[in-house]
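Only one structure is covered here, and it is reproduced in the block below.
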Amino acid sequence: MATMDISRLVRSDYDRVVAVETDSAGRAVLFRRGTDDVVTREIMPFQPWLLVSGPELARALKDTSEITPLRGDGMHRVRVSFPSWSAYEDAVKDLKDLTGMNPSAPLAPYRLFTDKAQQILTMLPARLFRGMAFQDLRRMQLDIETRTADGFHFPDALRASDEVLLVSLKDSTGWECCLSVAQAGEAAMLKRMLELIQERDPDVIEGHNIFNFDLDYLDKRCKRHKIPFVLGRSRRPTFARSSRFTAGERTATYKRYDIYGRHVVDTWHLVQLYDVAHRDMDGHGLKPAARYFGVAAENRTYVAGNDITRIFEEDPETLMKYCMDDVRETDALSRILSPSYFYQAQLVPYSYQSCITRGNATRIDALLCAEYMQANASLPIPQQAQPLQGALTEAQHSGVFQNVWHVDVRSLYPSIILARGMCPAGDSERAFGRILGELRNFRLAAKDAMREASGHEKENYSALQGSFKILINSFYGYTAFSQGTFNDYVMANAITREGREILGSMRDFLQDAGAIIVEMDTDGIYFTPPPGMTDQAEMERRVQAILPPGIEVELDASYQAMYGYKSKNYALLDWDGRVSVTGAALKSRGLEPFQRRYMMEHLTMLLTGREAELPALYERFETDIREHRLPLKDFAKREILSMAPRLYAEKLAAKATKRSAAYELALQAKKEYLQGDSVEFYVTGDKKNVSVVGNARLLEEADEQQRDENIPYYLDKLAQLKAKFAEG
DNA sequence: AGCTCTGGCCGGAAAT
DNA sequence: ATTTCCGGCCAG
């Protein structure tokens, strides 16, 4: 199918590349997995490069090999290349001295691309994995179990008495293996593990929390035994450094490992990225994630963290099974979550590993900059951030409504950009709209192909179209990305303004037709149809008729009933009797579980016309709380530490933040809490009005036998909850 | 070292 | 006791 040819979208002169690296001479090293499944190493001529603002600055640099003028009037209009990485590094130093500016300064007259893989992929040009399907990738899963010395609660690789007990390995060919320290000691086991990785020669090494735990631990144990920690191809050493990972509102620091010729994929990252979009997971650990995705092995062996050492001594077979189940689950999670990034790596000039750890807008930036370099076009510099008005939201009515329809605009912002032919001010090559349009067409083709395919093929098309959907929707966000080379705040404002106008005109039309608008947000409206209107297709046609060309609506769902609470907060009853709840006020993870449960039951009664049962529901909860019938967990709030507890302490001392129970508890806790960790705690005391700071206990430090939850406090919360729904 | 955006609800702490 | 502000979490 011609439209499904990804090479039309972005050029790559090489197929089946699984990794790119550099050698000291500055050349590019391509690792390619042939159709015979053998990996070859090829050296390609390549010269490290950077951009400067003009020929004078270019000529001021020493040891350059090529100076290429770039067309157009962007700020960075000359590309300079160098015979080696050391010449490049020297030039970077000289540029700092010559200009007196750091590369990160907004007006610096030079620009660096510090990611070497990006430099190579951009210029060759090449992209990873072209001509390959996800199944062609050789993925290896790794998991270790460790001994925690008596008297300690958590593993510590630096403690002499701790050690690796088991290493489980598995790869995508079906090969599996479990090494034990009991066979010949830790040093021999580590050496064998390193040998096996060389033999199996995976393109990707996967694990759950592999960056912060397994690799770090193995690294430290290898150092102790003076075994070189060589995981890379060509027996290259492994590098680690501190880095940060962002998923939605939370960032986590992690120890980033770079393994020569391979990629490291942490399924913990994949799970968090997934949950940013879905926000319905119970936790991001391997076990909850495996259960969530329905891939937990049946009769799976579970071993609690603090039992590992004991079980290893008493029943090593059981621990080995447990460890094997872990790598199998890691593989299963990866098979679900990583294909989307595999396909993005075919487009974006980043390594596969970077496609996962870096944000959507950054990937789009890399894509656009690469197009410019291919066209020998100059690059603009980002606009300074300006205020941006967002979407239109209204909750017009609260309360229960019967027979509610939902209409929404398909891909609102991308459609506006394409329909109006919008183009960022700095995009002289008009690459933004062209790539967006091609991505959209490609996605539609992939969706069509998905419908016709089956098995692996269907999954592949599904991953392909799904990952393009995410990229496509990020194009709007990119226009307001402060570091985006082609950001444009005027355009961003024009996009949202037209979005508000479109949604507003749909609202006016529906109201004039006699519909009742319950709630609307950004690109969709929930409403009760005008009296006498029963034909959804006809309604869709009428709404469509008032919209400009290129803007398509879809009357995609209807519901038995809807309870509108406030903006972005509502509950729906579908025709099969299922209730779904939307909005932070109704289902936030920050709410105590008993509140969430009460709300769910209360809302279900409201939606199904069982208001008469509400008093009994309330009484049941009241009694349960009063008589300690609920587990302590039901009173625990969960908060994620967005900064390191130590940083909180500093900010508090400087009066730069307010006191917070979660951080105070984390600081006092027996275990060490880090940024990104979640803290579960409940309120103690015996008075309704207590300050939470100073009257809270960590759930894990609680004693179910000596209950101390604050009953008046929680009864008051229940009363407030009831009152909340009684209004309106 | 790396980062898409705004709008909105809510609880808790501090200020009034 | 009431208001203001901030951080957390969520919708899209």
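Chain letters run A, B, ... following the sequence lines, proteins first and then strands; every chain starts at 1.
- As rounded to whole Å, 12 Å separates atom P of B:dA1 from atom CG of A:Asn102.
- The separation between A:Leu721 atom CG and B:dG11 atom C1' is 13 Å, rounded to whole Å.
- A sub-4.0 Å separation between OP1 or OP2 of B:dC3 and a side-chain N or O of A:Ser482 is absent.
- OP1 and OP2 of B:dC3 both lie 4.0 Å or more from every side-chain N or O belonging to A:Arg244.
- The CE-C1' distance, from A:Met491 to B:dT4, rounds to 13 Å in whole Å.
- Contact annotation for A:Thr393: backbone-only contact, meaning every heavy-atom pair under 4.0 Å involves sugar-phosphate atoms and none involves a base.
- Taking every side-chain heavy atom of A:Leu388 into account, B:dC5 is the closest of B:dC10, B:dG12, B:dC5.
- A straight line from CD1 of A:Ile364 to P of B:dT4 spans 10 Å, rounded to a whole angstrom.
- In this structure, CZ of A:Arg358 is placed 9 Å from C1' of B:dA1, rounded to the nearest angstrom.
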Exercise for the section: Please step through side chain to side chain donor-acceptor pair (under 3.5 Å) for the pair A:Tyr682 and A:Asp708, ending with a clear verdict. Expected result: CA-CA 9 Å; A:Tyr682 62 93; A:Asp708 58 354; 2.6 Å; yes

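- Using a 4.0 Å heavy-atom distance criterion, A:Ser660 is classed as making no nucleic acid contact.
- Under a cutoff of 6.0 Å and an axis angle of 45°, A:Lys688 and A:Tyr713 do not form a cation-pi pair.
- Partner of A:Tyr598 under the side-chain hydrogen bond (donor to acceptor under 3.5 Å, both in side chains) criterion, out of A:Arg596, A:His602, A:Gln595, A:Glu601: A:His602 alone.
- Residues A:Ile417 and A:Ile495 are in side-chain contact: their nearest non-hydrogen atoms beyond the backbone lie under 4.5 Å apart.
- Contact annotation: A:Tyr489 does not reach the phosphate of B:dT4 (side-chain N/O to OP1 or OP2, under 4.0 Å).
- If you check every strand for non-hydrogen atoms under 4.0 Å, A:Tyr565 touches sugar and phosphate atoms only.
- Note on A:Thr362: a side-chain N or O is less than 4.0 Å away from OP1 or OP2 of B:dC3.
- In the set B:dC5, B:dG11, B:dG2, the nucleotide with an atom closest to the side chain of A:Ala480 is B:dC5.
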Practice task
Give the intermediate values and the outcome of ring-ring contact (aromatic ring centres under 6.0 Å, His included) for residues A:Tyr254 and A:His269.
Solution key: CA-CA 10 Å; A:Tyr254 73 102; A:His269 288 161; 4.8 Å; yes

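- Between A:Glu394 and A:Gly477, it is A:Gly477 whose nearest contact on DNA chain B lies nearer the 5' terminus.
- Rounded to whole angstrom, the span from the CZ atom of A:Phe475 across to the P atom of B:dC5 amounts to 16 Å.
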Exercise for the section: Determine, for nucleotides 6-12 of chain C in 5'-to-3' order, which nucleotides have protein heavy atoms under 4.0 Å from the base (write B), from only the sugar-phosphate (write S), or from neither (write -). Expected result: S-SBSBS

Problem - Test ring-ring contact (aromatic ring centres under 6.0 Å, His included) applied to A:Phe635 and A:Phe594, step by step - result: CA-CA 6 Å; A:Phe635 299 102; A:Phe594 88 87; 5.3 Å; yes

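- Look at NE2 on A:His269: it is 13 Å from P on B:dG2, rounded to the nearest Å.
- When the nucleotides B:dA13, B:dC3, B:dC9 are ranked by their closest atom to the side chain of A:Ser567, B:dC9 comes out on top.
- One atom, CZ of A:Phe486, and another, P of B:dT4, lie 17 Å apart when rounded to the nearest Å.
- Within the 4.5 Å cutoff, the side chain of A:Tyr648 has heavy atoms near those of the A:Ser660 side chain.
- The one candidate from A:Tyr565, A:Tyr526, A:Phe401, A:Tyr559 that meets the ring pair (Phe, Tyr, Trp, His ring centres under 6.0 Å) condition with A:Tyr570 is A:Tyr526.
- Taking the P atom of each, B:dC3 and C:dG12 are spaced 26 Å apart, rounded to whole Å.
- Phosphate proximity of B:dT6 to A:Arg500: absent, as no side-chain N or O sits under 4.0 Å from OP1 or OP2.
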